[in-house]
Every structure is written in C-alpha cells, then in structure tokens.
Amino acid sequence: MDFRPSRMAVVANSVEAFIREFFDQNPLSHIGLATIKDGLAHRLTELSGSPESHIRALRSNLGSSGDASLQNALDLVHSYLEQIPSYGHREVIILYSALSTCDPDDVMESIKKCKKAKIRCSVVGLSAEIYICKHLCEETGGSYTVALDESHFKELLLEHAPAPPAIAEFAVSNLVKMGFPQRRGEGVVTICSCHKEPKTGGGYTCPRCKACACELPTECQICGLTLISSPHLARSYHHLFPITPFEGGLATLPYNSLQRLPKTCFGCQQVLPNLGNKSGVRVSCPRCKQHFCVDCDIYIHESLHNCPGCESLRDFKREGDATSDSNVFSNKRPVLFVGQQRN
Amino acid sequence: MASATSNPYTDDVSLLIVLMDTNPYFWGAMNGAAAFSQFLNQVLPFLNSILLLNQLNQLVVIATGVNSCDYLYDSSRVGHESEKRSTKGIPGHSLEILQKLEDFIAKDQQLSNSDEAPGKICSLLSGSLSLALCYIQRILRTGPVHPQPRILCLQASPDGSEQYVAIMNAIFSAQRSMVPIDSCVVGSEDSAFLQQASYITGGVYQKPQHLDGLFQCLSMVFATDLHSRRFLKLPTPTGVDFRASCFCHKEPIGMGYVCSVCLSIFCKYHTKCSTCG
C-alpha cells in the first residue's frame, strides 16, 4: 500500500481540503501548522484564522527528511497553546507516517504535560498502529486512526473538522469582548490596516478604533479587538438547536391507513413508491408528521439542519403547544433579530 | 462523460424557484385586493417570460404563507391539464398557478388561530427556503447534466426574528451548494435577512421603488441566467448590516460580549451568561 504520487503530496492535498472545511465549520477558530523534520519540530505558521496564508505556507514547504520526534512535536505544541485563554478548546492533530520516534528525553513526561494543559491530541497514522501514539491519544482524550488508503485518509482527516463535543466541566463560560463591524459601501477610499495600502470600497470598519480591515473574522491590527460578523456566529447555531432524527418503520401501521399516506415527499415532491412491506423507502418527522424520501433525510440532517415540515407549519413555532408532546422537543430558540437597515 | 452534442443543457439554461409571499395581513393593509392582483399582474408575465427565454428553462413556484408553505407550480411535471386549456389569451400554466394560489390561500386562512393578535405577522420564509433547497438537491442528484438552479424571493412582509436561525441554516446550505438567492422586496422596509442572504450566496438584492414598475425590475435584473450575469452590470449592495443584536435589549450593537459556550451576545459584561449559566 502506498500513496500516489507520494505520501507528502497526498497529505498536502488532504490538509488543504481539511483547512477549508475546518474554517467553514468553525469560522471563529484558529489553526497553526508545524512540521517534524530531522528529529526537530518547526513552526510553519502562527495561529491565525486565514486559510489562504496556511495553504500558501504549506505548499511552499513540502520537503521531508530525517527522523520524526514525537516529544519535540508535543513540546512545540505545548508552547504554542499554553497561552490560549481557558475558554478556547486546545487541540492538535498529528499526521504521522513514521514507525518510531527519536526523542531526546522521556516522551511520557511530554504526554503528561499536554494532559495537564488540557490539550486534546489526535493522531492520523499513515503506516501502522504505534503503541506510543495510541497511549498519547488515550491519555489526552483524542482519537487515533490509521488510514488504509488515500480516500480513507482524507475521510479520517475530515472527520476532525466538525467540533468535538465539549465536556461540561471543562467548558467554562466566559464573556469575550468582540466587535461587529459594518461593511463600508462602494466608492469610499481608505487605507486598510492589513495591507497598508489604499483601497476603494468594500472592507469593514472596527467599531472601537475605526481602523479598516479587509476580511472577517480577524483581529483589529490597531486595537486588538476580535472582529466578527453575525453569520459567523450563526454558522454554529445548528449545534445548539439540532433537529430530531426522522423515523422510518411505517410497517406497523394498519393496512387501511397506508392508503391515506402522502404520495410525494414533502421536501422535494418526488413520488414515493407504495409501501408494501418495505419501511426503508420513506421516513417521517416525529414532530410535524410529514413524510420525506431518504435522500431528503440525508440532506436535511447533514447540510440543511432545518426540517421543512416544521418550518412550514406555524403551529410548531409557537411555544407551549398543548397538543404536542413537550418532552420530545423544546421550542426554545433565542429571539435574535439581526441587523436593521442603516440609512 | 457527456459529449458536447449529447448535453442538451447549455450554460444559460436555468431552474428558477420563485418564493411568492402571500401574506394577507400585508397585502390587505396595502390596498385590499387591488394591490395583490396588481402584483400578480406583474409577476405572472414575468414567469411566462422565464419559460419563453429558453425552451429548457424550468420554473417552480412555492407560496410562502402565514401559517403554511406549499408548491404551486412545477413546469417539469408531465401530464399537465393546463397544456390543453388556455382561456381568453391567458396561458394555461398561469391559470394553473392562479387556481392553486386560490386554494392555497383559502387553506392557509383556515389554519390560522383566531386568538392570534394580528399585529406584525410575518410569512414563513424559512419554510419555503427549505422546500426550495430540498427540490434543488433532487435536481442536483440527477447527475452532472442539469440546469443551473437559483432562488428568487418575492418578499412583502417584514422579517420574523424567530426564524433567524432557520433562515441562516438555509443560507449556509445554499452557499455550500452554490445556489444564489436573489431577493426582490416589495414591502415597505428593507429585509436584513434577505440582504445577508443575497450577500452571502452571491445573489442580487433589490427593493424596487414603485410597485407599478415591478415587471420592469424583474425582467431587467432577475430574468438573467447565471452565466450571463458575468457580462452584465447588476445592482450592487449599497451596504449590508452585519451587526448583531444583543439578547437583552434586541438593539443592534457594534461591540458586545459573546459567551464562549453558547455564543449568546450581550451588550454589558455579566459574570454569568443568562442563556447557559
């Protein structure tokens, strides 16, 4: 089993896809890259939220040589992440292709240091399962997976893109000060603080110091305020308000009620075949009782995160509906009215 | 791989899904039945013109009501009775849309609760957006050969703040599938949700000044397919307000405090987050 054209090329492509997917799912997070070469660990990029700078640095540093040292990597990561405030989730993903590790000292000490600093370490291996990686992941609460081939490797890496579930004791709630800049209209000339050159139109104005930034999310270069826009926060709201899984299993209904079932999928209007004894062809939402085809079910739960039936019927938006089972779902959604037109 | 001769869908074939707002509270407040029929007088010829622009264009109309949403018309469904009848110069499919619209509004009316305070009632935009996206996924699943999908929202009623999360979910899903959401707002206020939708998905947002000129606005701006938009100068957004509203006062704020666990937004510092504690 070997990766074509070379392991490094496959890993670089997968990491690029991972970076884009990661920022898509976690727009407020930061990534930093590090390489392990010749028994030493080097910082490739600092922790930042801009995918392009990481991908550029990755593509220009694709050389490999020498031994891998797990301890040096963990020490570098520890120094990278220990300054992060406690509300930030600290994580490292190690892409490990070697079959051994050459360490200057006791690697178990480094593992204990990482565990103490609450850094969750996961490893995706390319060659074979190694005991020390398994031990590291078990100690720190990460996941250890080994790829069987190229597509499996990409799949395993992309599994790390969505956020892991937070452990309640460690999730200390802090209120972090952030700014919500407004987008400037076209035709206004300003000097942007990231490129240090004049720009016409577009861009965002920091609400505290009125400096200009080109893209969001970012940290204001002048005053250090984190600048984000409300869609970035909204991207994560589907984790807070998940939709109920749909149910199949319509085979238990009596025969005469099967005649009155809707003939088309509520979402896409595709004709649903008659049941007979098959129950896997259509699913229904336990709240609004509408029927959907299996493809819509997959799309709704993986990408859309809205049940079209529940959204299309006003009864399910009202709180405290007496006729529905209030233990099954909660109607609590924050009333967020975002943005009003500025003149 | 489809060769050039076997792919009937050229770059300019589009699948247009129109989300028509039928909120009776809004249309009733304007000028009674006259305003809505004037609106339909402008929109129906526009829908016909879409089907005339290219033989392979597809059109789907979804009604956004106050208590429900439903499909009104699908041009790709075979076995239309409307193909046979055509009365007094009105094309068959327009009659079909009108008939279904009447049935839909009657059903929508029946579903409303009598104790609902008729204040600022908004339409279920999140429902019709979700239906439109499910339909588009069905088209995209048929393979690499398909018309280019896009969504046009004809929105009259104001934004409903309880639909924020659902609408944002729909917007991000549309962004991922690369489906632009165009918005034509015929109401009195700008819609912040639709401004963000059009900005994020790469669509066009327009608020025409006069209802009389709606057909002109629709046919000049929204009738163009996605391929031709690259060569045309379409209205650019004058300003999109991305500010968030704080949970305590619902006022838009430029700077606030965000809870690191549940992402609730507050205007003043609290030691404990009121949403998640």
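Source: prediction; values computed, not measured. Naming: A, B, ... by sequence-line order, numbering from 1 per chain.
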For [X], is it the side chain, the backbone, both or neither that has a heavy atom under 4.5 Å from a heavy atom of chain B?
| X | answer |
| --- | --- |
| Ile300(A) | side chain |
| Tyr204(A) | side chain |
| Pro181(A) | backbone |
| Leu216(A) | neither |

[atom1] of [X] to [atom2] of [Y]: how many Å apart, nearest 0.5 Å?
| X | Y | atom1 | atom2 | value |
| --- | --- | --- | --- | --- |
| Leu131(B) | Gln269(A) | CG | CD | 8.0 Å |
| Tyr299(A) | Leu140(B) | OH | CG | 8.5 Å |
| Ile298(A) | Arg141(B) | CD1 | CZ | 8.0 Å |
| Leu28(A) | Ser260(B) | CG | OG | 11.5 Å |
| Lys177(A) | Tyr257(B) | NZ | OH | 3.5 Å |
| Ser312(A) | Asn67(B) | OG | CG | 11.5 Å |

| request: Heavy-atom distances under 4.5 Å only: say whether Leu125(B) touches chain A with side chain, backbone, both or neither. | output: neither
| request: Output the option from Pro231(A), Gly88(A), Ser229(A) having the highest count of non-hydrogen pairs under 4.5 Å with chain B. | output: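 Top option by heavy-atom pairs under 4.5 Å: Pro231(A).
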Heavy-atom pair with the smallest gap, counting every atom of [X] and [Y]:
| X | Y | result |
| --- | --- | --- |
| Gly127(B) | Glu311(A) | CA-CB, 3.6 Å |
| Gln196(B) | Ser230(A) | NE2-OG, 4.1 Å |
| Pro207(A) | Met255(B) | CG-CG, 3.7 Å |
| Pro308(A) | Cys134(B) | CG-SG, 3.8 Å |
| Asp24(A) | Arg176(B) | OD2-NH2, 3.0 Å |

Donor-acceptor pair, distance only, cut-off 3.5 Å: does the side chain of [X] make one with the backbone of [Y]?
| X | Y | result |
| --- | --- | --- |
| Arg314(A) | Val66(B) | yes |
| Tyr135(B) | Gln270(A) | no |
| Tyr237(A) | Leu263(B) | yes |
| Asn306(A) | Ala166(B) | yes |

| Do Leu233(A) and Val258(B) come close enough that some side-chain heavy atom pair is under 4.5 Å? |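 The answer is yes; the side chains approach within 4.5 Å.
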| request: Look at Ala132(B), Cys259(B), Ala174(B), Gly256(B) and state which one has the largest set of heavy-atom pairs under 4.5 Å with chain A. | output: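 Ranked by contacts with chain A, first place is Gly256(B).
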| message | Check this for me: does any side-chain nitrogen of one of Asp295(A) and Arg138(B) sit under 4.0 Å from a carboxylate oxygen of the other? | response |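 No salt bridge links Asp295(A) with Arg138(B).
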| message | With no hydrogens and no angle check, just 3.5 Å: does a side-chain donor-acceptor pair link Ser173(B) and Ser303(A)? | response | yes
